[in-house]
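Comments concern the structure below.
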Amino acid sequence: MILFKKASDILSFIENQRSKGAQTGFVPTMGALHQGHISLVGQSKSQTSLCISSIFVNPTQFNNKSDFEKYPITIEKDIEMLEAAGCDLLFLPSLDEIYPHGFKAPFYELGYLETVLEGASRPGHYQGVCQVVDRLLTIIPTDILFLGRKDYQQCMVIEKMINIRGFDTRIIIGDTIREQDGLAMSSRNVRLNSLERKQATGIFKALTYIKNNIQQGDLGKVLEEGKGILTQHGFVTDYLQLTNRELQILETWDGKSEVIALVAAYMGDVRLIDNMKVA
Ligand code: AMP
């Protein structure tokens, strides 16, 4: 694996490879890697000839200062994991490489997507996500961008940004990788103490409960029961909602159409998110 720190270096390397016919797959991350990230690298390896990953903890997407300051950093282990997974290039930029002096962030018209769920709970978060992915796709010309379904709304936001900016990049969305007890893998999980870690399976239990108990008609009862499971496990719920594929909130269900349950909840000061197709 070749490691790059300078945007101009990785850009010219990739342009050279592309001129020889390489197809690029890109897995952007914020590091503290786990098997969720590595599964995306694996998909990139199997579908493109040049697999690229990046590690950059993007300050502009954190609406909470302490969440940014406490974001785990495990760079040496990350490099070992990427190397073992067969990643070809790793971009490890400094803040200045991503946001050079004089950089002016554009405003992305994300519309409805920025008003619900993560958009509503984390003001400015998706503008920051778009800024960094926009910069990264400019530095790393990407044929296929690999994203995780765990961040369902983020996938939709990035797809919209790609359309707005006109990047010639296709998105492939990988399934959520979970621990044995169902907890979705997340870099933030390492911030849980051992009791919190055990309790954290409550998110998966709440989502699974909804999946097993959703009924045609009013959805209020099953949602309340799901919130009850979160509370029993020590979570403070930020939101638990049922939506259609476009993230429009559902209050009733016709018994036929697709339904997604999306949750954000605090275990202590650690905020976890997850989602599941429940119908
Ligand atoms: P992050 O480092 O958390 O910004 O995530 C980088 C990429 O990995 C994003 O596309 C995430 O959606 C994806 N990802 C994070 N956790 C998981 C998981 N448990 N399973 C699959 N993909 C994931």
Side-chain angles (χ1 to χ4, degrees), residues 1-18 22-33 37 40-41 44 48 50-65 67-69 71 73 75 78-79 82 87-111 113-114 118-119 122-148 151 153-174 187:
M1 184 170 73
I2 314 176
L3 206 150
F4 292 88
K5 294 195 168 175
K6 295 259 169 264
S8 53
D9 290 347
I10 193 163
L11 175 58
S12 57
F13 185 91
I14 292 171
E15 277 177 339
N16 184 260
Q17 294 294 311
R18 282 179 121 205
Q23 227 214 351
T24 53
F26 179 34
V27 181
T29 83
M30 297 206 298
L33 301 184
H37 301 111
L40 296 175
V41 170
S44 172
T48 60
L50 190 67
C51 170
I52 306 148
S53 188
S54 65
I55 298 176
F56 178 66
V57 185
N58 173 38
T60 72
Q61 75 187 68
F62 286 83
N63 54 314
N64 177 325
K65 193 167 170 259
D67 188 29
F68 175 60
E69 284 165 0
Y71 202 83
I73 292 175
I75 194 72
D78 293 350
I79 291 174
L82 288 171
C87 181
D88 298 303
L89 312 182
L90 171 61
F91 185 43
L92 261 181
S94 64
L95 190 62
D96 286 353
E97 288 294 312
I98 297 292
Y99 302 121
H101 185 69
F103 171 80
K104 200 172 168 311
F107 179 78
Y108 301 88
E109 291 288 351
L110 299 173
L113 277 179
E114 220 176 357
E118 290 298 282
R122 303 184 65 188
H125 168 61
Y126 283 135
Q127 290 296 321
V129 168
C130 286
Q131 277 164 27
V132 74
V133 179
D134 186 347
R135 281 290 294 142
L136 286 168
L137 290 179
T138 306
I139 297 165
I140 297 174
T142 300
D143 293 304
I144 310 182
L145 180 65
F146 292 86
L147 302 172
D151 299 281
Q153 192 172 0
Q154 174 169 277
C155 294
M156 293 180 70
V157 163
I158 292 174
E159 185 179 27
K160 185 150 191 175
M161 183 280 291
I162 284 176
N163 285 335
I164 291 171
R165 292 280 287 107
F167 286 112
D168 189 12
T169 299
R170 188 156 71 89
I171 292 178
I172 290 185
I173 299 177
S187 304

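Atom CZ of residue R18 and atom CD1 of residue I14 lie 8.0 Å apart, to the nearest 0.5 angstrom. Note that the CG atom of L137 and the CE atom of M161 stand 5.0 Å from one another [nearest 0.5 Å]. Note that CD1 of I172 is 4.5 Å distant from CD1 of I144, once rounded to the nearest 0.5 Å. The CZ atom of F167 lies 3.5 Å from the OG1 atom of T138; values are rounded to the nearest 0.5 Å.
Between I98 and I139, the closest side-chain pair of non-hydrogen atoms falls below 4.5 Å. Here the side chains of C130 and I158 are not in contact, with every heavy-atom distance at 4.5 Å or above. Considering only heavy atoms from C-beta on, E118 stays 4.5 Å or farther from V157 through its side chain. Within the 4.5 Å cutoff, no side-chain heavy atoms of Y126 are placed close to those of L113. Taking 4.5 Å as the limit, every side-chain heavy atom of S12 sits out of range of all side-chain heavy atoms of Q17.
With Q23 contributing its side chain and L50 its backbone, the two residues share no donor-acceptor pair below 3.5 Å. Checked by atom type and distance alone, the side chain of D151 never pairs as donor or acceptor with a backbone atom of Q154 at under 3.5 Å. A donor-acceptor pair is defined here as one N or O able to donate and one able to accept, closer than 3.5 Å; no such pair exists between the side chain of Q61 and the backbone of H125. Here the side chain of T142 pairs a donor or acceptor atom with the backbone of I140 at under 3.5 angstrom.
Every ring-ring contact (aromatic ring centres under 6.0 Å, His included) that F4 has, sequence neighbours left out, goes to F13. Taking the ring-ring contact (aromatic ring centres under 6.0 Å, His included) definition, one finds that Y71 meets it with F62, sequence neighbours left out. The ring-ring contact (aromatic ring centres under 6.0 Å, His included) check on Y108 picks up nothing, with sequence neighbours excluded.
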Checklist entry - Under the side-chain contact (heavy atoms from CB on, under 4.5 Å) criterion, do Y99 and T60 qualify, and how do the steps go? => result CA-CA 10 Å; Y99 302 121; T60 72; 3.2 Å; yes
Checklist entry - Between L145 and I162, is a side-chain contact (heavy atoms from CB on, under 4.5 Å) present by the stated rule, with each step listed? => result CA-CA 10 Å; L145 180 65; I162 284 176; 3.9 Å; yes
Checklist entry - Does the pair V57 and F68 meet the rule for a side-chain contact (heavy atoms from CB on, under 4.5 Å), with working shown? => result CA-CA 8 Å; V57 185; F68 175 60; 3.7 Å; yes
Checklist entry - Checking side-chain contact (heavy atoms from CB on, under 4.5 Å) for the pair N58/V129: CA distance, chi angles, key distance, verdict? => result CA-CA 8 Å; N58 173 38; V129 168; 5.8 Å; no
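When all heavy atoms of I173 and G148 are compared, the pair lying nearest together is CG2-C, 4.2 Å. The minimum heavy-atom distance linking S187 with H37 is given by the pair OG-CE1, 3.6 Å. Nearest approach of Q131 to A105, heavy atoms of both residues: NE2-CB, 3.2 Å.
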Output a table of donor-acceptor pairs, distance under 3.5 Å, between side-chain atoms of residues 88-97 and any protein atom two or more places apart or on a different chain; print 'none' if there are none.
| residue | atom | partner | partner atom | Å |
| --- | --- | --- | --- | --- |
| D88 | OD2 | C51 | N | 2.7 |
| S94 | OG | E97 | N | 3.4 |
| E97 | OE1 | A7 | N | 2.7 |
| E97 | OE2 | K6 | NZ | 3.4 |

Indicate every side-chain donor-acceptor pair of residues 24-32 with a distance under 3.5 Å to a residue at least two apart or in another chain.
| residue | atom | partner | partner atom | Å |
| --- | --- | --- | --- | --- |
| T24 | OG1 | P141 | O | 2.8 |
| T24 | OG1 | D143 | N | 3.0 |
| T24 | OG1 | D143 | OD2 | 3.3 |
| T29 | OG1 | G31 | N | 3.0 |
| T29 | OG1 | S54 | O | 2.9 |

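For residues 157-171, the pairs satisfying side-chain hydrogen bond (donor to acceptor under 3.5 Å, both in side chains) are D134-R165, with sequence neighbours left out.
In this structure, a donor-acceptor pair under 3.5 Å is present between the side chains of E114 and Q127.
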